[in-house]
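This report refers to the structure that appears directly beneath it.
The structure presented is a predicted model; accordingly, all values stated were derived computationally and were not measured. Only heavy atoms go into these numbers, but all of them, side chains included; no hydrogens, no water, no symmetry mates.
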Amino acid sequence: MATYLDEENLQKQIEEIEALSSIYGEEWCVIDEASRIFCIQVSDDLNKPKWRLCLQVVLPLEYPSTAPPIYQLNAPWLKGKDRLELCNSLEEIYVTNLGESILYLWVERIREFLVEKSLSDDPVPHIKCTNTIKTTEELEVDYEDDFDFAYQPGIQKDAPKLLEFVLPQESQDEELPPIYHGEPMTDRRSTFQAHLAPVVTPNQVKMVLDKLYENKKIASATHNIYAYRIYCEDKQTFLQDCEDDGETAAGGRVLHLMQILDVRNVMVVVSRWYGGILLGPDRFKHINNCARNILVEHNYTESLDESCKSGKHKKVKTKKGR
């Protein structure tokens with residue numbers, strides 16, 4: 001019988017896998033989902049790779065709380081000193097981050113290792129993961145309105161009431177930050193679209209939500225899922241929160257993605273217009289992909305390499321509005 005800790009670990013694994021799949025795309029391979037076996041192809045350069053290896057992992061029920069992933073490094077050239085050095089690095093990351101999800105840190109450490117190897121002149125054989133990835137075929141849907149988010153007064157749907165906290169008087173003079181809209185994507189008549197705004201205070205988060213809900217297209221969405229992270233420089237902590245808006249656990253998944261990417265001072269809203277066909281777990285993949293794409297598009301992942309080299313997570317403070 002599964003324990004509460006096992007269930008908590010499984011939920012963390014699900015969120016981590018969804019985030020990694022969104023971040024790495026076709027590099028990420030599902031070998032056996034039921035047995036929690038996965039593989040990712042890592043290279044020193046995405047455009048012109050010279051050094052590659054495959055990291056295969058099995059996630060035990062005890063991961064991440066009390067046990068590390070079981071892993072295997074596959075590359076014909078990885079032997080002797082190189083293999084020992086890399087394995088020691090991965091184990092050091094695990095020990096430094098006991099009880100936390102570490103697959104992202106592992107992948108980026110391997111990538112850093114391969115970049116270091118690429119400085120050498122030794123030719124190496126290339127290796128590819130033999131697993132194929134099936135992608136959902138997108139179906140085109142004609143909507144009454146184009147996804148043009150100029151101001152459209154009309155339907156007034158209340159914004160999620162997560163942000164019910166007292167704002168300081170001086171915050172009343174804050175300006176509405178710019179709001180950007182990503183490209184919509186459609187799968188089986190459901191359409192997903194991300195919106196992004198730079199924010200540095202909770203009041204700006206509320207202002208952005210209110211502005212978005214003035215738009216009749218966004219206000220009519222079945223779900224408007226959002227998450228935000230604000231870095232408090234004086235306390236060196238994060239103020240962060242999320243909202244599902246009826247799509248259970250979706251906000252937490254977006255926030256988890258933003259934590260892995262170590263983005264700061266930004267909020268992401270993902271709107272979903274339900275088309276009448278159930279998508280199952282694919283809906284979470286689309287939500288995360290939309291969130292990641294707009295963060296990449298607006299350069300919020302530029303500092304990613306620097307943040308992952310430390311191998312440490314920063315302390316966060318979560319704002320609870322309910």
Side-chain angles (χ1 to χ4, degrees), residues 12 15-16 19 23 64 92-102 104-105 108-109 112 159-180 194-213 224-245 249-270 288 291-292 294-322:
K12 288 181 179 179
E15 293 176 358
E16 183 177 23
I23 292 169
E92 181 180 353
I93 289 173
Y94 169 70
V95 171
T96 305
N97 298 273
L98 287 174
E100 300 182 24
S101 300
I102 59 168
Y104 173 78
L105 296 176
E108 291 307 312
R109 175 63 190 101
E112 179 184 314
K161 296 181 179 179
L162 181 65
L163 299 168
E164 295 177 349
F165 45 83
V166 178
L167 300 173
Q169 185 63 39
E170 58 269 21
S171 69
Q172 304 302 318
D173 298 329
E174 293 176 11
E175 294 184 359
L176 174 71
I179 302 174
Y180 306 98
H195 324 281
L196 177 148
V199 293
V200 293
T201 68
N203 189 48
Q204 287 187 321
V205 173
K206 185 177 186 303
M207 293 168 67
V208 170
L209 289 173
D210 288 343
K211 186 63 177 178
L212 287 173
Y213 271 77
N224 282 302
I225 302 116
Y226 75 80
Y228 69 88
R229 300 187 84 216
I230 298 170
Y231 185 62
C232 305
E233 189 73 40
D234 54 341
K235 298 180 180 179
Q236 296 188 337
T237 61
F238 281 92
L239 181 66
Q240 60 183 16
D241 211 340
C242 59
E243 167 62 31
D244 299 335
D245 194 25
R253 287 173 162 87
V254 173
L255 180 57
H256 184 68
L257 172 67
M258 294 172 73
Q259 290 168 337
I260 286 181
L261 294 175
D262 194 30
V263 299
R264 59 186 64 191
N265 299 334
V266 65
M267 72 174 297
V268 174
V269 182
V270 180
N288 261 24
R292 177 189 179 276
I294 200 167
L295 286 166
V296 171
E297 180 183 352
H298 292 277
N299 301 317
Y300 277 91
T301 59
E302 282 188 340
S303 61
L304 200 54
D305 292 338
E306 292 302 318
S307 65
C308 73
K309 287 178 181 179
S310 66
K312 298 180 182 291
H313 293 289
K314 296 180 177 63
K315 180 182 177 183
V316 299
K317 176 182 178 182
T318 302
K319 184 73 179 180
K320 292 296 181 184
R322 290 186 182 176

Q240 backbone acceptor or donor facing R229 side chain under 3.5 Å: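 Flag not set: sc R229 to bb Q240 has no pair under 3.5 Å.
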Side chain N265, main chain Y231, donor-acceptor under 3.5 Å: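 Indeed, once roles are kept as given, a pair shorter than 3.5 Å links the two residues.
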Find the distance between [atom1] ([X]) and [atom2] ([Y]) and round it off to the nearest 0.5 Å.
X	Y	atom1	atom2	value
K211	I179	NZ	CD1	7.5 Å
E108	I23	CD	CD1	8.0 Å
L98	I93	CG	CD1	12.5 Å
E15	Q259	CD	CD	9.0 Å
N288	H256	CG	NE2	9.0 Å
E16	E100	CD	CD	11.0 Å

Output field: ring centroids H298/Y180 closer than 6.0 Å: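 So the answer is yes for these two rings.
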For side-chain contact (heavy atoms from CB on, under 4.5 Å), just list the numbers for V266 and M258, CA-CA rounded to whole Å, side-chain angles, deciding distance to a tenth of an Å, and then say yes or no. CA-CA 9 Å; V266 65; M258 294 172 73; 3.9 Å; yes
Heavy-atom closest contact ([X] atom, [Y] atom, distance):
X	Y	value
P177	P198	CB-O, 3.1 Å
A194	A291	CB-N, 4.3 Å
Q204	V200	OE1-N, 2.8 Å
I230	P202	CD1-N, 3.8 Å
K12	P64	CD-CG, 3.9 Å
G251	D244	N-OD1, 2.8 Å

Decide side-chain contact (heavy atoms from CB on, under 4.5 Å) for V270 and V268; before the verdict, give the C-alpha distance in whole Å, the side-chain angles of both, and the deciding distance to 0.1 Å. CA-CA 7 Å; V270 180; V268 174; 4.1 Å; yes
Any non-hydrogen side-chain atom of I225 less than 4.5 Å from a side-chain atom of E243? no
More than 12 heavy atoms of other residues, nucleotides or ligands under 6.0 Å from CD of E297: is that the case?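 Correct, the count exceeds 12.
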What do the steps show when you test V254 against Y228 for side-chain contact (heavy atoms from CB on, under 4.5 Å), and what is the final call? CA-CA 9 Å; V254 173; Y228 69 88; over 6 Å; no
Any chance the side chains of Y226 and D245 put a donor and an acceptor closer than 3.5 Å?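 No.
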Chi angles and distances behind the side-chain contact (heavy atoms from CB on, under 4.5 Å) call for L196, M267: CA-CA 6 Å; L196 177 148; M267 72 174 297; over 6 Å; no
